[in-house]
Amino acid sequence: MVFVATAGRPYYLAGLYVPLAAAGALRLQRRRETAPSRRRWLIWLGYGLSVASAAAVLILSVSIARPDVGERIAQRAATAYYALPTERGERTVVFGESYIVTAYVDGYSKRYQQPEAYSTNRSYGYFPPPPAGDDTVLYVGRDPGALRTYFADVRTVGDVGDDMRAYLLTGQRQSWDEIWPRVRTLTREELEEVFQKYQRAVIEVGKTWDWSGYADHFTEDAKYVEHAMGNWKAAKTSASGSFRR
Amino acid sequence: MNTFPGSEMPVYPVEWYSIDTHKGWVIFKNINTMKDPGDGSVHGAPVITVLEYAGDDKWSYEEDALFL
């Protein structure tokens with residue numbers, strides 16, 4: 001219930017397997033004590049099978065796990081970083097597509113003498129944006145996606161493995177302070193909250209019929225499209241605090 | 001709220017909404033409910049709205065599609 005209410009992940013419940021297994025074992029033990037079964041061999045078969053499958057999963061998971069994958073990504077990102085001319089490298093921020101990749105780069109940053117990585121993915125987006133003077137991005141991931149719009153040139157500079165590449169983004173078009181909130185992958189909670197605030201404001205407008213504060217919920221360069229009146233766009237004016245055509 | 005005769009409170013009930021965390025969009029359908037004309041009847045027009053979030057509690061884009 002707690003995890004459903006807090007929008008948790010299903011695997012958060014994995015810890016509950018322990019009390020479940022304990023309850024099952026206790027119950028089985030009590031049954032054996034009160035009424036010894038003639039089918040005891042079946043229970044032993046069950047024991048054997050569980051032990052065998054547990055051992056199999058253990059062996060399989062060790063062989064499937066690739067503990068070196070994180071280090072390889074960090075190492076290849078560092079190689080791409082050091083391939084840059086020194087003058088360029090000093091203005092370059094390493095940027096991870098996902099928080100996982102970013103954490104790999106961060107975790108091995110000492111070993112590979114690499115600067116700390118930035119990301120707009122999940123909680124990384126809540127760290128401050130890169131310094132204003134750093135106008136080049138070494139992007140580690142599948143595709144720079146939304147970040148492309150904010151840079152004049154995007155080119156591939158290396159292969160990182162696992163379907164990922166290192167991209168060099170140059171020709172920054174806007175400041176990090178402007179880019180950051182736009183490319184940050186938001187949490188559902190943040191959007192829920194801001195939408196609730198917006199709805200409350202709209203209900204307030206409904207009560208007072210005073211639309212003057214409505215535009216305060218929009219940025220200065222916000223656009224408005226209204227289909228019933230034909231497609232038209234409006235820009236907010238800072239003077240009146242309302243929308244104009 | 002709107003059925004009481006003479007109610008002066010137009011409301012915008014949100015019928016459903018959907019949140020796209022990756023794009024930062026909130027898409028919702030609401031009924032732009034008109035002021036009660038006085039006889040307790042409810043009149044409204046459904047609208048589907050797209051809001052694009054810009055951060056800092058502000059939206060940078062609104063698109064309304066009304067069914068008139």
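Computation of the quantities below employed the complete heavy-atom set of this structure, encompassing side-chain atoms and omitting hydrogens, waters and symmetry-equivalent molecules. Each chain gets a letter, A, B and so on, in the order its sequence line appears, and its residues count up from 1.
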J.: Once you round to the nearest 0.5 Å, how far does CZ of A:Phe218 lie from OH of B:Tyr61?
T.: 11.5 Å
J.: On a heavy-atom basis, which atom in A:Asp216 and which in B:Lys58 lie closest, and how many Å separate them?
T.: O-CE, 3.5 Å
J.: Nearest heavy-atom pair of A:Leu191 and B:Thr21: which atoms, and what distance?
T.: CD1-CA, 4.0 Å
J.: Would you say CH2 of B:Trp25 has more than 12 non-hydrogen atoms from neighbouring residues, nucleotides or ligands within 6.0 angstrom?
T.: no
J.: Is the number of heavy atoms from other residues, nucleotides or ligands within 6.0 Å of CD (A:Gln174) greater than 12?
T.: yes
J.: Between B:Ala54 and A:Thr219, which heavy-atom pair has the shortest distance, and what is it?
T.: CB-CG2, 3.5 Å
J.: With only heavy atoms counted, which part of A:Glu192 is less than 4.5 Å from chain B, the side chain, the backbone, both or neither?
T.: both
J.: Measure up the A:Phe195 and B:Phe28 rings against each other and bin them: parallel (under 30°), tilted (30 to 60°), perpendicular (over 60°).
T.: tilted
J.: Is there any salt bridge (Lys or Arg N to Asp or Glu O under 4.0 Å) pair reaching into residues 88-105 of chain A, and which pairs are they, with sequence neighbours excluded?
T.: A:Glu87-A:Arg91, A:Arg91-A:Asp135
J.: Would you indicate whether A:Glu71, at its atom CD, is surrounded by more than 12 heavy atoms from other residues, nucleotides or ligands within a distance under 6.0 Å?
T.: yes
